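Contents: one structure, followed by commentary.
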Amino acid sequence: MSVDVTAEEKVAAGGRLQGTKGSSGGHSTGKIGAYLLLSALALFALIPFSWLLLAAFDSDASISVEVPKAWTLGNFTNLFANEDGVRLMANSLIYAGGATIILVVVTTLAGYALSRYDFRGRRVLMLGILLTRVIPPTATIAPLYVIATDLGFLNTYHGVILILAAIEAPLALWIMKGFFDTVPIEIEEAAWVDGANRLQAAFRVVLPLAGPGVGAGALIAFIGAWNEFLIPLVLISDQDKIPISIGLFRAWVSYTQVDWGFLAALAIIYVIPAVVFYALARRALQASLAGGLAGT
Amino acid sequence: MASTSKRHLRRPALTLALALAVIAVTAACTADSGGGSGGPVELTLLDHQEPRVELLKKLLPQFEQDMEEQGKKISVELLEGPAEDTQFATKLTLDYNSGNAPDVASFGNSSTVDFATSGFLLDLTPMTEEWTDWDEHFYEQLREELVQPDGKTYAVPREAQIVQLFYRKDVLQSDGISTAQPQSWDDLLDRMTQVTRKSGEPSLLFPAGEAWGGGTFFEGFIHLMLGTGSSLYDAEESKWIVASPGLTAVLTYYESLTEAGVMPVDPLLNPEPWVPTKYEAFPKGDLVATTCGTWCWIFDWGPEGAAPIDGLFKKVSTWEFPTENGDDTFVWGSSGWVWAISADTENPEEAWELVKWLASGDFMAQNAVTVGAASPRDDLRNVPPYSDYDFLIDAERQLPKARSFVALPGTDKIVQAVGEATEQVITGRMSGEEAAEFLAERATELLGEENVKSL
Amino acid sequence: MRRVDGWRDRLTVMAFLAPALILIGVFLVWPALWALYQSFTNRALTGLTAMNPSFVGLDNYTRLLADADFYASLLRTVTFVFFSAIVGQTLFAFLIAYLMANRPGWRLRAVPVFAVIFVLPLAVPETVAALTWASMVNGTESGLINRMIGVLGAGPIQWLQDYAMETVTIVNIWRGLSFAMVLFIAALEGVPRDVLEASMVDGASAWQQLRRVTIPLLRPQILTFLMLTTITTFGIFGLVYFLTRGGPGNATEIIGIYIYNQAFQFFEIGYGSAAGVLLLAILLGLGTYYVRLMRDQV
């Protein structure tokens with residue numbers, strides 16, 4: 001069976017311990033150079049955000065980076081006082097929240113089954129699901145639009161929610177399965193002995209233990225759905241149902257009539273959940289990207 | 001190595017995520033409910049771009065009231081599409097395709113052909129025949145332009161856009177150069193060459209090159225092309241004419257303009273070429289003539305425009321476009337935007353009432369001044385606020401002798417070929433004749449052998 | 001893990017798997033198959049064929065293979081992937097990570113602090129990333145980058161006009177580079193210390209150590225990351241579309257934008273699907289290799 005994330009952490013922690021033991025003297029020029037390089041990279045990573053942070057608090061913002069002449073929270077109060085602003089935020093929450101709920105239910109079930117039951121074709125199924133991960137909406141957007149039209153999914157919350165959930169499903173499923181693998185089967189077996197049936201054991205014993213994993217899967221799914229741009233761009237034409245990503249785009253494209261301060265404030269509100277959830281789920285994300293879906 | 005906790009996730013985070021999700025779905029359910037009841041007929045009306053939408057917001061209650069006085073209960077829900085034109089065209093097409101289209105929509109007339117042949121629009125021919133205003137008051141030129149290849153009318157003009165040559169009366173007068181209407185291309189070139197000799201600056205702008213995008217075609221090239229005896233499209237054979245004496249003449253004229261130094265070549269090669277030309281050189285008086293539409297009076301050089309000119313009406317005036325041979329000067333005149341009804345509408349009669357209301361009286365007069373266009377009908381000259389805008393009314397008077405070119409399938413390809421060919425000429429890489437050959441080749445390549453012919 | 005045995009187990013497994021499989025099947029697999037089917041039709045959203053599409057055989061593909069714009073778009077995409085995913089996010093990120101990672105006799109205490117910052121570019125939604133960069137590369141004199149080069153007496157440069165593809169590539173490197181670095185640092189620090197020490201005892205130089213020990217040990221992770229980032233970069237749409245909508249002209253029309261434009265600007269669904277199928281073929285090719293790398297984890 002696969003090595004799990006916990007194992008990866010042990011390796012990382014081991015590295016840390018060894019590091020502390022290792023010599024920290026010498027190489028001082030090298031270290032200064034390294035820190036300079038790190039700082040340069042950090043600047044590179046951060047500078048683009050300067051506009052966002054300044055413009056959002058500027059009462060007279062433009063597209064350029066400027067220190068506000070008059071600082072204000074007005075852009076944020078506008079955002080929450082303005083019907084359009086609130087609607088954009090609510091819509092994004094509906095799409096991402098809805099997709100997350102569906103995804104958690106669906107992939108918890110499937111992840112559990114794939115982790116606990118051995119059946120013919122299981123391996124092929126797992127790899128097949130993984131292969132679907134490489135299908136980007138970009139490639140299938142034209143048929144997706146036609147299918148959504150036929151299903152009556154255009155301009156509906158549930159249509160977009162289901163499609164967003166599907167896009168995130170393969171990755172989430174693998175993550176969930178990885179976490180169920182970390183819960184020793186003995187714990188479950190003990191519950192059976194105590195008279196719980198299989199399902200009861202799964203829900204009462206395994207699910208709580210795999211909880212953090214389910215949470216990580218949920219966060220990753222939420223981030224994916226929250227950020228999605230192409231799907232709502234094509235499937236949602238009703239101005240009242242567009243999420244923040246499309247709202248930002250529409251505003252930016254109309255260019256001459258843009259209220260930059262409002263836009264920056266909206267972008268900041270939009271960034272916060274993405275960044276916070278990202279930070280919370282970073283470990284799992286890192287693992288999912290570094291290939292070892294479940295660690296080294 | 002991480003500064004955060006070694007645990008994957010703390011429980012509260014999970015709870016928070018789930019709580020958010022629950023709220024979201026609850027919200028989704030409530031947001032989806034609601035809906036129609038009995039009572040008035042509900043129409044949807046789709047428009048885009050802020051000034052237009054704001055105007056509708058302001059005036060639509062008047063429509064509802066007018067209808068109520070006639071004993072009709074109609075309420076209109078105004079929908080706002082994306083401001084940018086391409087995005088709007090995409091949205092509207094997708095809406096029409098999926099049966100989500102608004103009852104009434106407004107769009108640029110260039111889309112009418114596509115929408116009509118696709119079966120998206122309601123045939124308005126029977127309605128216009130019964131509407132006496134149509135024949136009596138709408139300019140024939142615009143009505144004919146709206147008749148589709150199948151002989152039917154699917155849209156009603158919202159405004160008339162008129163493009164002319166705007167020139168600096170003050171500069172010409174102080175230079176002692178005639179301000180009379182130039183009749184031929186040569187006439188125009190002579191005068192502009194004189195100006196350039198004096199100032200040392202380029203004096204005449206017909207947009208050209210690739211940087212201006214579609215403007216090279218619609219704000220430059222086409223106003224010369226319409227002044228030749230050649231046509232760009234053979235409607236009978238449904239083929240583009242990609243080589244003709246007229247085409248060669250136009251490109252050769254671009255060559256003459258460039259050689260004489262009257263063409264602002266450098267600005268044309270830069271991104272946003274309209275800034276150094278229309279917004280800088282023209283207000284300054286270096287550039288003395290440029291193509292521009294009625295909207296330029298307001299949005300370009302008006303007091304609140306992009307580059308205001310003080311005493312605009314004293315300094316700037318308009319000419320019609322001269323022609324190759326000097327026989328018959330003309331202006332460009334065309335339905336800018338139109339009103340159309342969806343073929344799927346459940347309330348065609350009420351929708352038609354709305355279109356009629358939008359295409360007459362108060363609304364049309366206000367719309368014209370809001371977007372800086374002429375009225376497409378001849379009975380609004382005394383209707384305020386339009387009655388106060390002499391320059392729009394003057395433009396309107398020229399409509400009977402207007403020419404235009406209605407976009408056809410493949411127009412985008414011709415636009416591209418023209419952009420590339422004119423760029424070759426103004427950069428001096430090709431002569432007019434060489435560029436004409438190049439244009440024919442490029443257009444054939446882009447449109448396909450079977451869709452083009454040569455004269 | 002236990003073997004499925006008896007109808008009860010079978011039913012449970014099926015019931016547990018069904019929702020996920022239906023979701024993936026209907027919205028991921030079916031559209032891919034539908035793309036293939038549709039690519040043989042002249043389905044369009046406007047024009048005479050809008051109402052009744054017909055079967056046109058390989059027409060879309062022959063047209064696609066004769067379309068200079070398509071080739072240009074494909075070449076652009078490959079270049080984009082090469083420089084942003086392979087050179088920027090993998091090669092470059094790995095090298096920096098190698099310099100930074102703790103190893104015997106070398107430890108940078110502040111790396112975790114930087115790691116927090118490095119997560120940001122990837123954590124923000126692509127639309128926001130694009131928006132912030134739109135401000136950075138604004139072509140007027142007040143654009144931040146133009147102000148910086150203005151100090152040196154250069155510019156102002158219209159980045160998104162004159163260097164659009166370069167700019168977009170850099171934005172994408174920015175987005176992935178620092179996080180990739182964090183990943184690689186974690187992987188490098190996971191290399192067992194005794195192995196490294198053994199090679200040092202053998203007198204291997206740093207370069208030899210990297211080539212003969214570290215890289216072979218980390219090969220699976222590096223390859224998997226490389227495959228994933230390559231695949232994702234091929235599928236990029238929003239970041240570039242937001243910034244340039246494929247322009248100016250076609251200068252930044254990467255394959256995703258090409259497909260979108262064919263389908264939703266020119267409304268040729270059949271033709272757009274054909275282009276989508278070719279992209280799918282590329283990605284499934286890469287994907288198969290990726291799945292092979294992951295095979296042992298099942």
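In the text below, chain A, chain B and the rest are named by the order of the sequence lines, each starting its count at 1. Note that this is a predicted model, so its numbers are computed, not measured.
The greatest number of non-hydrogen atom pairs below 4.5 Å with chain C, out of Thr138(A), Thr108(A), Thr132(A), is found for Thr138(A). Chain A forms the most heavy-atom pairs under 4.5 Å with one residue out of Ala18(C), Ala20(C), Ala263(C), Ser39(C), and that residue is Ala20(C). Heavy-atom pairs under 4.5 Å with chain A peak, among Gly272(C), Ala129(C), Ala187(C), Ala134(C), at Ala134(C). Contacts with chain C were tallied for Phe49(A), Tyr112(A), Tyr145(A); Phe49(A) has the most, counting heavy-atom pairs under 4.5 Å. Put simply, of Leu173(A), Ile129(A), Leu162(A), Ile246(A), the one with the most heavy-atom pairs under 4.5 Å next to chain C is Leu162(A). Note on Gly111(A), Ser50(A), Ala148(A), Ala139(A): by heavy-atom pairs under 4.5 Å with chain C, the leading option is Ala139(A). Of the listed residues (Thr127(C), Val29(C), Leu286(C)), the greatest number of heavy-atom pairs within a distance under 4.5 Å of chain A belongs to Thr127(C). With chain A as the partner, the residue from Gly235(C), Gly256(C), Pro19(C), Ser135(C) showing the most heavy-atom pairs under 4.5 Å is Ser135(C). The greatest number of non-hydrogen atom pairs below 4.5 Å with chain A, out of Trp34(C), Phe184(C), Trp174(C), Trp133(C), is found for Trp174(C).
At a 4.5 Å heavy-atom cutoff, Met14(C) makes no contact with chain A through either its backbone or its side chain. Proximity to chain C is limited to the side chain of Val146(A), based on heavy atoms less than 4.5 angstrom apart. Ile272(A) does not touch chain C: none of its heavy atoms, backbone or side chain, sits under 4.5 Å away. Proximity to chain A involves both the backbone and the side chain of Leu120(C), based on heavy atoms less than 4.5 angstrom apart. Contact annotation for Leu28(C): both backbone and side-chain heavy atoms come within less than 4.5 Å of a heavy atom of chain A. Val105(A) does not touch chain C: none of its heavy atoms, backbone or side chain, sits under 4.5 Å away. Heavy-atom distances place no part of Tyr37(C) under 4.5 Å from chain A, backbone and side chain included. Contacts between Ile244(A) and chain C at a heavy-atom distance below 4.5 Å are absent for every atom of the residue. Looking at Leu233(A), only its side chain comes within 4.5 Å of chain C, counting heavy atoms on both sides. No part of Phe180(A) comes within reach of chain C, as not one of its non-hydrogen atoms sits under 4.5 angstrom from that chain. Contacts of Phe264(C) with chain A are made by side-chain atoms alone, with heavy-atom separations under 4.5 Å and no backbone atom involved. Using a 4.5 Å cut-off between heavy atoms, Leu177(C) touches chain A through its side chain atoms alone. At a 4.5 Å heavy-atom cutoff, the contact between Arg245(C) and chain A is made by side-chain atoms alone. Heavy-atom distances place the side chain of Arg147(C), and not its backbone, under 4.5 Å from chain A. Neither the backbone nor the side chain of Leu226(C) comes within less than 4.5 Å of any heavy atom of chain A. Interface remark: Leu131(A) contributes backbone and side-chain atoms alike to the contact with chain C (heavy atom separation under 4.5 Å). Neither the backbone nor the side chain of Leu36(C) comes within less than 4.5 Å of any heavy atom in chain A. Contacts between Leu223(C) and chain A at a heavy-atom distance below 4.5 Å are absent for every atom of the residue.
A 4.5 Å side-chain heavy-atom check between Val182(C) and Ile185(C) finds every atom pair outside the cut-off.
Between Tyr278(A) and Phe179(C), the ring planes are perpendicular. Angles over 60° get that label, and only those under 30° would be called parallel.
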